[in-house]
Protein chains: 2
Amino acid sequence: MLGSPDECARQILEAIPLVMRAIRHEMRSHRGSDLSVPKFRVLIFLNRHEGASLSEIAEHLGLALPSMSKMIDGLVTRNMVVRQMDPGDRRRVTLAPTPLGRAAMQSALEATAARLAERLAALPASGRCTIIEAMQILASIFGCGRDTKTAIGK
Amino acid sequence: MLGSPDECARQILEAIPLVMRAIRHEMRSHRGSDLSVPKFRVLIFLNRHEGASLSEIAEHLGLALPSMSKMIDGLVTRNMVVRQMDPGDRRRVTLAPTPLGRAAMQSALEATAARLAERLAALPASGRCTIIEAMQILASIFGCGRDTKTAIGK
DNA sequence: TATTGTTATACTCTATAACTATA
DNA sequence: TATAGTTATAGAGTATAACAATA
């Protein structure tokens with residue numbers, strides 16, 4: 001059945017790992033601002049949501065709190081993020097990118113996007129529009145409404 | 001400039017890691033044959049290239065030899081792959097999936113696809129068609145004509 | 001000497017459990 | 001008691017360097 005959820009799932013399993021591998025490869029080969037994909041995504045989020053709390057970032061990226069805390073440690077050590085106590089609720093931590101963090105993100109973003117764009121340029125514009133639309137749909141169902149945690153259960 | 005290669009690249013960078021994380025989660029939460037994505041890919045490759053050497057697998061999956069060696073250790077320990085000396089060239093190791101390995105691969109494929117399909121069922125059919133179309137385009141430009149393409153999609 | 005793998009070592013990413021500090 | 005984060009610990013995945021065995 002065309003367009004069935006199962007068919008769609010199989011197509012995703014076929015294609016996504018390939019694209020992910022290409023992304024990691026591009027980012028690793030871009031020496032100069034050696035950001036991992038997850039750190040990169042943290043910086044992107046903080047760039048648009050300055051002052052976000054640890055929980056908010058963890059929620060957005062779908063990571064457990066301790067994992068995120070440790071990742072932030074690494075970014076703070078490298079002077080890419082600043083941690084600050086929220087005066088209104090002293091349990092909360094507010095996070096923001098430093099100028100260095102923003103620069104590293106921009107640099108990684110541009111280098112990686114440029115490499116990907118090179119490949120995408122071979123497509124007709126309609127193909128790229130289809131991809132953009134699909135990415136937005138996927139982000140909406142795999143990014144938000146994280147019931148993954150409860151689904152894992154444990 | 002909607003639909004530009006650059007815009008498209010940025011959307012990909014935003015969405016693909018989210019989907020990849022969901023795939024990993026679902027594979028791990030499928031207790032019984034909890035295969036990581038890389039191990040899953042090794043089994044898929046061996047399923048179609050029985051008797052391949054370590055170097056050949058490492059080459060196809062884009063991993064360093066020691067990484068692959070260690071990963072094969074894990075699969076051998078779990079009785080999913082057999083290592084054998086090549087009598088013709090005793091430096092070489094030939095690898096093949098066991099029946100258990102093949103079964104685990106099938107099972108992981110089906111379970112993961114089913115979980116993804118559950119989420120995708122919430123979309124309108126038109127959204128799923130858009131995703132399918134996008135996945136096919138992405139596989140064609142990021143696939144390099146390699147293994148996962150035909151293997152996973154079966 | 002060149003090739004094929006393995007061992008040793010280290011770092012990143014991620015998770016769960018136990019804890020601290022604040023509300 | 002409930003919430004926000006951190007520390008402790010563990011395990012997978014990956015890399016490089018050094019090594020062993022075979023050609």
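In the text below, chain A, chain B and the rest are named by the order of the sequence lines, each starting its count at 1.
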Check whether more than 12 heavy atoms from other residues, nucleotides or ligands sit under 6.0 Å from atom CD of Glu110(B), and answer yes or no. yes
In whole angstrom, give the distance that lies between atom CG of Leu65(A) and atom P of dT20(C). 18 Å
Under 3.5 Å: donor-acceptor pair, side chain of Arg41(A), backbone of Leu61(A): no
For Glu56(B), which residues count as a side-chain contact (heavy atoms from CB on, under 4.5 Å) partner, sequence neighbours excluded? Ala52(B), Ser53(B), Arg92(B)
Checking all strands, does Ser67(B) fall into the base, sugar-phosphate, or nothing category for heavy-atom contacts under 4.0 angstrom? base
Value for CZ (Phe45(A)) from CD (Glu50(A)), rounded to nearest 0.5 Å, stands at 12.0 Å
Indicate, with a heavy-atom threshold strictly under 4.0 Å, whether Lys39(A) touches base, sugar-phosphate, or nothing. sugar-phosphate
Which whole-number value in Å describes the distance from Met80(A) CE to dT12(C) P? 12 Å
Whichever of Ser69(B) and Met68(A) has its nearest DNA chain C nucleotide further upstream toward 5': Ser69(B)
For the side chain of His25(B), counting heavy atoms from C-beta on, which of dG13(D), dA15(C), dT14(D) is nearest? dA15(C)
How many whole angstroms separate atom CE of Met20(A) from atom C1' of dT14(D)? 14 Å
Let me know, please, whether Leu63(B) or Arg92(A) comes out on the 5' side of the other along DNA chain D by nearest nucleotide. Arg92(A)
Any idea which of dG5(C), dT14(C), dA15(D) is nearest the Arg21(B) side chain? dT14(C)
Report yes if at least one side-chain N or O of Ser55(A) is closer than 4.0 Å to OP1 or OP2 of dG5(D); otherwise report no. yes
Integer-rounded Å distance: dA12(D) P and Ile23(B) CD1: 21 Å
Rounding to an integer number of Å, can you tell me how far Met85(A) CE sits from dT20(C) C1'? 15 Å
Base, sugar-phosphate or nothing for Arg83(A)? Non-hydrogen atoms, less than 4.0 Å. sugar-phosphate
Value in whole Å for how far the C1' atom of dT7(D) lies from CE of Met71(A): 18 Å
Salt-bridged, Arg119(B) to Glu26(B), with N to O below 4.0 Å? yes
Check this one for me: any side-chain N or O of Ser53(A) less than 4.0 Å away from OP1 or OP2 of dG5(D)? yes
If each of Glu56(B) and Pro38(A) is mapped to the nucleotide of DNA chain C with the nearest heavy atom, which maps nearer the 5' terminus, i.e. the 5' end? Glu56(B)
Per the atom types in the model, does the base of dT6(C) pair as donor or acceptor with the side chain of Lys70(B) at under 3.5 Å? no
Sidechain-backbone polar pair: Thr77(A) side chain, Asp73(A) backbone, donor-acceptor under 3.5 Å: yes
How many whole angstroms separate atom CD of Glu59(B) from atom P of dT4(C)? 11 Å
Counting only heavy atoms from other residues, nucleotides and ligands, does the tally under 6.0 Å from CD of Gln84(A) exceed 12? no
Identify all side-chain donor-acceptor contacts of residues 121-138 of chain A below 3.5 Å with residues at least two apart in sequence or on another chain.
unit_1	atom_1	unit_2	atom_2	d
Arg128(A)	NE	Gly3(B)	O	2.8
Arg128(A)	NH1	Leu120(A)	O	3.2
Arg128(A)	NH1	Leu123(A)	O	2.9
Thr130(A)	OG1	Ser126(A)	O	3.0

Between P of dA4(D) and CD1 of Ile72(A), the distance in whole Å: 16 Å
A correct 5'-to-3' footprint of nucleotides 17-23 of chain D, with B, S and - meaning base, sugar-phosphate only and no protein heavy atom under 4.0 Å, is B---BBS
